[in-house]
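Presented below is the structure to which this report refers.
When a ligand or atom number is given, it counts from 1 through the structure's own listing order. Small disclaimer: the values here were computed from a predicted structure and weren't measured.
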Amino acid sequence: MSEKFDVIVIGSGPGGYVAAIRAAQLGLKTACVEKWVNKDGKTVNGGTCLNVGCIPSKALLDSSWKYHEAKDDFDIHGIEAKVKIDVKKMIGRKDDIVKKLTGGVAGLFMANKVTSIEGTGKLLAGKKVEVTDHNGKSTTYEAENIILASGSVPVNIPPAPVDNKIIVDSTGALEFTQVPKRLGVIGAGVIGLELGSVWNRLGSDVVVLEALDSFLAIMDQQIAKESQKIFKKQGLDIRLSCRVTGTEVKGKEVVVTYQDKDGKEHQETFDKLIVCVGRRPYTEGLLSEDAGVKLDERGFIYVNDLCMTSAPGVWAVGDVVRGPMLAHKASEEGVVVAERIAGQKPMMNYDVIPNVIYTHPEIAAVGRTEEQVKADGEPYNVGVFPFAASGRAMAANDTHGMVKIIAHAETDRVLGAHIVGPSAADLVQQVAIAMEFGSSAEDIGMTVFGHPTLSEAVKEAALAANGHAIHIANRKKRK
Ligand SMILES: Cc1cc2nc3c(=O)[nH]c(=O)nc-3n(C[C@H](O)[C@H](O)[C@H](O)COP(=O)(O)OP(=O)(O)OC[C@H]3O[C@@H](n4cnc5c(N)ncnc54)[C@H](O)[C@@H]3O)c2cc1C
C-alpha cells in the first residue's frame, strides 16, 4: 500500500481541481487523479471545461463575432474594412488559450501542494483508490475522504453515429480546419446554438434540427421567443419538431433524414454534422462493484444535498451528480465539499445558479422563469426593459433584446431575472448577487447605477416591476 492522503479527488475538471485546491488551502493533504491525455500524449488538467468545453467554445465565439462585426457591422460606424478569416490561425489561438489555462491549473496545484497523479482512478471499498497509469501500472492509494468529479461526456444517438470526420460531437466542432459550406446541427440547446453561431458567422449555411416543439423549453418563454427571432435574423435556420431518424455518409457529405411534426420525412445534405443532444454522466471504470456508491436511475452518482454519496467518506460533485451541468455549479460544489471535509458548515444555494448561452446577443437567466412562478401559484410582478431604450446599447449598435425581472407581488422579493441582450452573462450576475442577499426589486431600483451603462437596463427592469421605470412607458402590473 502506498501513500495515504486526507483527500483524493478523481477528476480535475472545474469540480475536481477547485475541490482539490480548496482542500489543500484548508491544510488537508490532497491528491488529484486525472486521466485526460492530450494530442501530444501529455496528461492535462481542466477537464471538459478547459479542454473541450467552456473556454475553447468561448474563444471561437469571440473570434467569430469579431470577424462578423468587422465584415458586416463596422460600416454603420463609418469604418470600412476588408476582412478575411484564417480558420487555422483562429483554431491555433483557441489551442493556445487552452494550453495556458490547463498549464495554469498544474501551476496552481504546485503552488498549493496538491499532488497530481496521472492515470485512471477507480474507487475501491474502504476508501481506497486504485490508479492505473498510461503504461498499465496500478498503484493503490488511501484517503480519509474521496471526491468523485469524473464529469460527463456527449450523448450519442443511433441515427447519427459520430465518425469524427463528417459527423462530429461538440469536441470535433471545435476543430474544423475550414468553414463547412453547409452545416447541420442536431439539438438546439446551449451547445448547438453556440457552435452553430460560430460557424454561421464564418459563413456556413446552418440548419439546426430540434426534436422538441418549443425553443429553449427550460428558459423563460418570453426571452426564448425573442431569442428565436434574433437568431432567425442572423440566418440560423432552426427547425423545431424535427426528429432525425437516419444519416448516410456519402463521400464528403452526409445526408440526414428527419421527420417533422406530422411524421413527414425530409432530407438535407450537409458537409458537416454536429451532434449535440446533451451530455451524460461519466462513470465508466470509476467504481468497483463493492465501492458502495449508488447511481440513480439516469446514471448520475446519487448524492444528498451536501454531495455525500451512499458510501461514507465518499463525495461527488459536478456533472456526474444531479443538477445543472455547468462549470460554476461544479466548482461551487467542490468548494462546499472541501470545506465540509475540513469541518466547516457551508451550504450550496441551488436556487441562485446563473445559466448562460454565449450567443450574440447572450441569453442569461437566474432564478425562476415566469412559467415556473405561475405554476407555483405565487403572485408576481414583471418588469421588462428593452435594450432598444438603452443609450449605451444604442451607442454600441447592440440594441437587441431585453432585461426581464420577476418579483413577488406581495414581498417584492426578486424571484428571477431573464436577459437576452448585450453582456447578458455579466448583467445577470448583478441580479444573482441581489437574490443571494434576498433583495427586493425596489432595492435594485434604488441602487445608483453608472450612466451610461448596459446595467441601467437591470435597474430600469427592476423599477418597471413596480411600475416606476423612467425611460419607458410602464406596463400594467401583472399578478
Ligand atoms: C462545448 C461545451 C461548452 C460548454 N460551455 C460551458 C459554459 O460556457 N459554461 C458552463 O458553465 N459550462 C459549460 N459547459 C459545461 C462544462 O464544461 C461542464 O459543466 C464542466 O466541465 C463540468 O465539470 P466537472 O468537473 O464536473 O467535469 P469535467 O469537466 O467533465 O471533468 C471531469 C474530469 O474527470 C476526468 N476523469 C473522469 N473519470 C476519471 C477517472 N476514472 N480517473 C481519472 N480521471 C477521470 C476526466 O478526464 C475529466 O478531466 C460546456 C460544455 C461543452 C461540451
### Task
Check each atom of ligand 1 against the heavy atoms of A330 and keep those under 4.0 Å away; list them by number with element.
23 (O), 26 (O)
### Query
Can a non-hydrogen atom of C276 be found less than 4.0 Å from any atom of ligand 1?
no
## Note on the structure
Tested for salt bridge (charged side-chain N to carboxylate O under 4.0 Å, His left out) against E175, the lone hit among K94, K88, K165 is K94
### Query
How far is atom 3 (C) of ligand 1 from its nearest protein heavy atom, and which residue and atom name does that atom have?
G53 C, 3.4 Å
#### Entry: Heavy-atom nearest neighbour of atom 43 (C) of ligand 1 within options G46, S150, G285, G119
G119
### Residues that R280 engages under salt bridge (Lys or Arg N to Asp or Glu O under 4.0 Å), provided they are two or more places apart
E284
### Task
Note the single closest protein heavy atom to atom 9 (N) of ligand 1, along with its residue, its atom name and the distance in Å.
C54 SG, 3.7 Å
### Task
Could you tell me whether V317 and ligand 1 have an N or O pair separated by under 3.5 Å?
no
### Query
Is the Lys NZ or Arg CZ of K29 less than 6.0 Å from the centre of F5's six-membered ring, within 45° of the axis?
yes
### Task
Kindly compute the distance separating CG (L108) from CG (N45), expressed to the nearest 0.5 Å.
10.0 Å
### Summary
In terms of its nearest heavy atom to atom 23 (O) of ligand 1, the top option of G13, P14, G318 is P14
#### Entry: Any N or O of S170 closer than 3.5 Å to N or O of ligand 1
no
### Query
Below 4.0 Å from any atom of ligand 1, is there a heavy atom belonging to V320?
no
### Message
Contact between ligand 1 and S57 is defined here as a heavy atom of the residue under 4.0 Å from a ligand atom; is it met?
### Response
yes
### Query
Out of curiosity, is K58 lining ligand 1, as in a heavy atom under 4.0 Å away?
yes
### Message
Please tell me whether E297 and Y302 have a donor and an acceptor in their side chains that are separated by less than 3.5 angstrom.
### Response
no
### Query
Applying a strict 4.0 Å limit to heavy atoms, is R279 in contact with ligand 1?
yes
### Task
Using distance alone, determine whether L286 and ligand 1 share an N or O pair under 3.5 Å.
no
#### Entry: Ring geometry between F231 and F215 (parallel below 30°, tilted from 30 to 60°, perpendicular above 60°)
perpendicular
### Message
Quick check for you: to the nearest 0.5 Å, what is the distance between L195 atom CG and I274 atom CD1?
### Response
5.0 Å
#### Entry: No-hydrogen, no-angle side-chain donor-acceptor test under 3.5 Å, T43 and H134
yes
### Query
What are the two closest heavy atoms between G187 and V208, and how far apart are they?
O-CG1, 3.8 Å
